[in-house]
Protein chains: 2
Amino acid sequence: MFSKSTEYALRAIIYLAQKSSANQKVGIAELADAIGSPRSFTAKILQNLTRDNKLINSVTGPNGGFYLTDKAKKKSLLHVLSLLEEEGIITGCILGLKECSEVNPCPMHSQYKNIKPLLLDMLDHKTINQLASEMVDPKIVIHNIKRKTNKQ
Amino acid sequence: MFSKSTEYALRAIIYLAQKSSANQKVGIAELADAIGSPRSFTAKILQNLTRDNKLINSVTGPNGGFYLTDKAKKKSLLHVLSLLEEEGIITGCILGLKECSEVNPCPMHSQYKNIKPLLLDMLDHKTINQLASEMVDPKIVIHNIKRKTNKQ
DNA sequence: CTAATTAAGGATATATTTGTCCTTAATTAT
DNA sequence: ATAATTAAGGACAAATATATCCTTAATTAG
């Protein structure tokens, strides 16, 4: 449903909510291994969320890394999607019509309009922190098959 | 949500359900103009659905074109998605985990599993023909802003 | 202060998706 | 039969997404 970039971003943020804080930063190597994503590519994705809109914080240098503030941890995945400008995946027309609306609906509009709010609510009604805390149950995971390489 | 290719395919098939039959074929030019898609690219997409799995029929030559049989018109959009091998967009893990399941769920699994069947049902419980017939209401449309070029 | 560590950022590479153009083959109307 | 029409199909082009590598800048520990 989402692009790889978006998936990595969401997984990374949930992981950061679980493992990081202002005095417990997480390096890109650990993070990427944990969520099963390519390291440098993930770094770029995090940079976007660090630089402009400041959802993620980072510090360089020894014991540096990425972390989320308590405030950031209270945001929802939908908020992350909005920062990534990927809300359209949910809010857009399912047949890809630019002008699909209540006034000029596509043939699927009347059906999808009932599900759209459920999807948005799903992405909005829990905080990142709440999602992360569900991982106290060890069967709940956030990683793909673990990468064994130690490459950059 | 879906790729351009998939969107074009779904729109094309709904249009063909409305406008075509065994003795009323639709040419690629008319079709692509009607649904607002690039002509040659759309041709390729239709070829895939014509060649192997035979959802769409076609004939070359004068008065030729594409058409759907009555049988094909009774299929659902979900069936089209399965022919395109794009069901995973709905059925896959929302965070992109390959191994996400009831046994090893991602943090969103318990929420998304309630919505997934609604999405699948939305795509399955109407036939292509039923969707097409809704376009008797002239406000229901299947095209983007119309292309004015006459290019191939 | 120095060296080590870590993210930032630029450049580049690869893969995939999207789109175009041209030739060929099939079919039909005359 | 011939010419016109239309999809099929191959080759290529452009755009975008994904991924890697290297250098730089910032920070910190010692």
Side-chain angles (χ1 to χ4, degrees), chain A residues 1-9 11-12 16 20 22-33 35-52 54-68 84-86 88-89 96 144 147 149-152, chain B residues 1-9 11-12 16 20 22-33 35-52 54-68 84-86 88-89 96 144 147 149-152:
Chain A
M1 176 169 284
F2 298 124
S3 67
K4 295 280 183 207
S5 299
T6 300
E7 289 172 357
Y8 299 158
R11 301 218 298 270
L16 286 176
S20 81
N23 52 9
Q24 180 64 39
K25 286 130 202 159
V26 171
I28 189 64
E30 175 192 338
L31 202 183
D33 287 356
I35 69 172
S37 67
R39 197 168 296 182
S40 292
F41 188 49
T42 307
K44 294 259 182 268
I45 294 163
L46 295 194
Q47 277 167 35
N48 288 335
L49 289 166
T50 302
R51 197 178 341 103
D52 300 326
K54 287 294 178 197
L55 179 75
I56 303 178
N57 291 86
S58 70
V59 298
T60 58
N63 298 315
F66 298 92
Y67 68 98
L68 294 184
L84 298 170
E85 299 181 75
E86 296 284 4
I89 289 162
N144 271 314
R147 295 153 60 86
T149 55
N150 240 32
K151 300 203 307 185
Q152 173 181 329
Chain B
M1 177 170 287
F2 298 124
S3 67
K4 294 282 182 207
S5 300
T6 300
E7 289 173 357
Y8 298 157
R11 300 219 297 269
L16 286 177
S20 81
N23 50 10
Q24 181 62 41
K25 286 129 201 159
V26 171
I28 189 64
E30 175 191 338
L31 204 183
D33 286 356
I35 69 172
S37 66
R39 198 168 294 183
S40 294
F41 188 48
T42 307
K44 296 257 181 265
I45 293 163
L46 295 193
Q47 278 166 34
N48 288 333
L49 289 167
T50 302
R51 197 176 344 100
D52 302 325
K54 288 295 175 195
L55 180 76
I56 303 177
N57 290 87
S58 70
V59 298
T60 57
N63 298 314
F66 298 92
Y67 69 98
L68 294 184
L84 298 171
E85 301 182 71
E86 297 283 4
I89 290 162
N144 271 314
R147 296 151 60 84
T149 55
N150 240 31
K151 300 204 306 184
Q152 172 180 332

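Quick caveat: nothing in here was measured; it's all calculated off a predicted structure. Quick note on labels: first sequence line is chain A, next is B, and so on, each numbered from 1.
Between B:Arg51 and D:dA7 there is no side-chain N or O to OP1 or OP2 distance below 4.0 Å. The side chain of A:Asn63 contributes no N or O atom lying less than 4.0 Å from OP1 or OP2 of C:dT6.
Here the CG atom belonging to B:Leu16 is positioned 9.0 Å from the CD atom belonging to B:Glu30, to the nearest 0.5 angstrom. Taken from CG in A:Leu31 to OG in A:Ser20, the straight-line distance is 8.5 Å, to the nearest 0.5 Å. Summarising the geometry, atom OG1 belonging to A:Thr42 is positioned 6.5 Å from atom CG belonging to A:Leu46; distances are rounded to the nearest 0.5 Å. For the atom pair CD1 (B:Ile28) and OG (B:Ser40), the distance works out to 8.0 Å, reported to the nearest 0.5 Å.
Here the P atom of nucleotide D:dT28 and the CG atom of A:Asn23 are 13 Å apart, to the nearest Å. Rounded to whole Å, atom C1' of D:dT6 lies 14 Å from atom OH of B:Tyr67. One atom, CZ of A:Phe66, and another, P of D:dT27, lie 14 Å apart when rounded to the nearest Å. Look at CD1 on A:Ile45: it is 15 Å from C1' on C:dG9, rounded to the nearest Å. Taking atom CD1 of residue B:Ile56 and atom C1' of nucleotide D:dT6, one finds them 16 Å apart after rounding to whole Å. When the P atom of D:dA8 is taken as reference, atom CD1 of B:Ile28 falls 9 Å away, rounded to whole Å. In this structure, the CG atom of B:Asn48 is 9 Å from the P atom of D:dG9, given to the nearest Å. What separates CG of B:Leu84 from P of C:dT17 is a distance of 13 Å, to the nearest Å.
Remark: A:Thr6 pairs with A:Ser3 by the side-chain hydrogen bond (donor to acceptor under 3.5 Å, both in side chains) rule, at least two apart or across chains.
Take the nearest nucleotide of DNA chain D for A:Gly64 and for B:Gly27: the residue whose nucleotide is more 5' is B:Gly27.
Axis deviation across the helix from C:dC1-D:dG30 to C:dT30-D:dA1 amounts to 10°, comparing end segments of five pairs, rounded to 10 degrees.
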- Message: Generate the contact string for nucleotides 13-19 of chain D. Rules: B means base contact, S means sugar-phosphate contact only, - means no protein heavy atom under 4.0 Å.
- Response: -----BB
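Using a 4.5 Å heavy-atom cutoff, the side chains of B:Arg39 and B:Asp33 are in contact.
No side-chain donor from either of B:Thr50 and B:Ser58 sits under 3.5 Å from a side-chain acceptor of the other.
Smallest separation of non-hydrogen atoms from A:Ile35 and A:Ala12: CD1-N, 3.7 Å.
B:Thr60 contributes no side-chain N or O that forms a donor-acceptor pair with the base of D:dA7 under 3.5 Å.
Here the rule is side-chain contact (heavy atoms from CB on, under 4.5 Å) with A:Tyr67, and of A:Ile56, A:Val26, A:Asn57 only A:Asn57 fits it.
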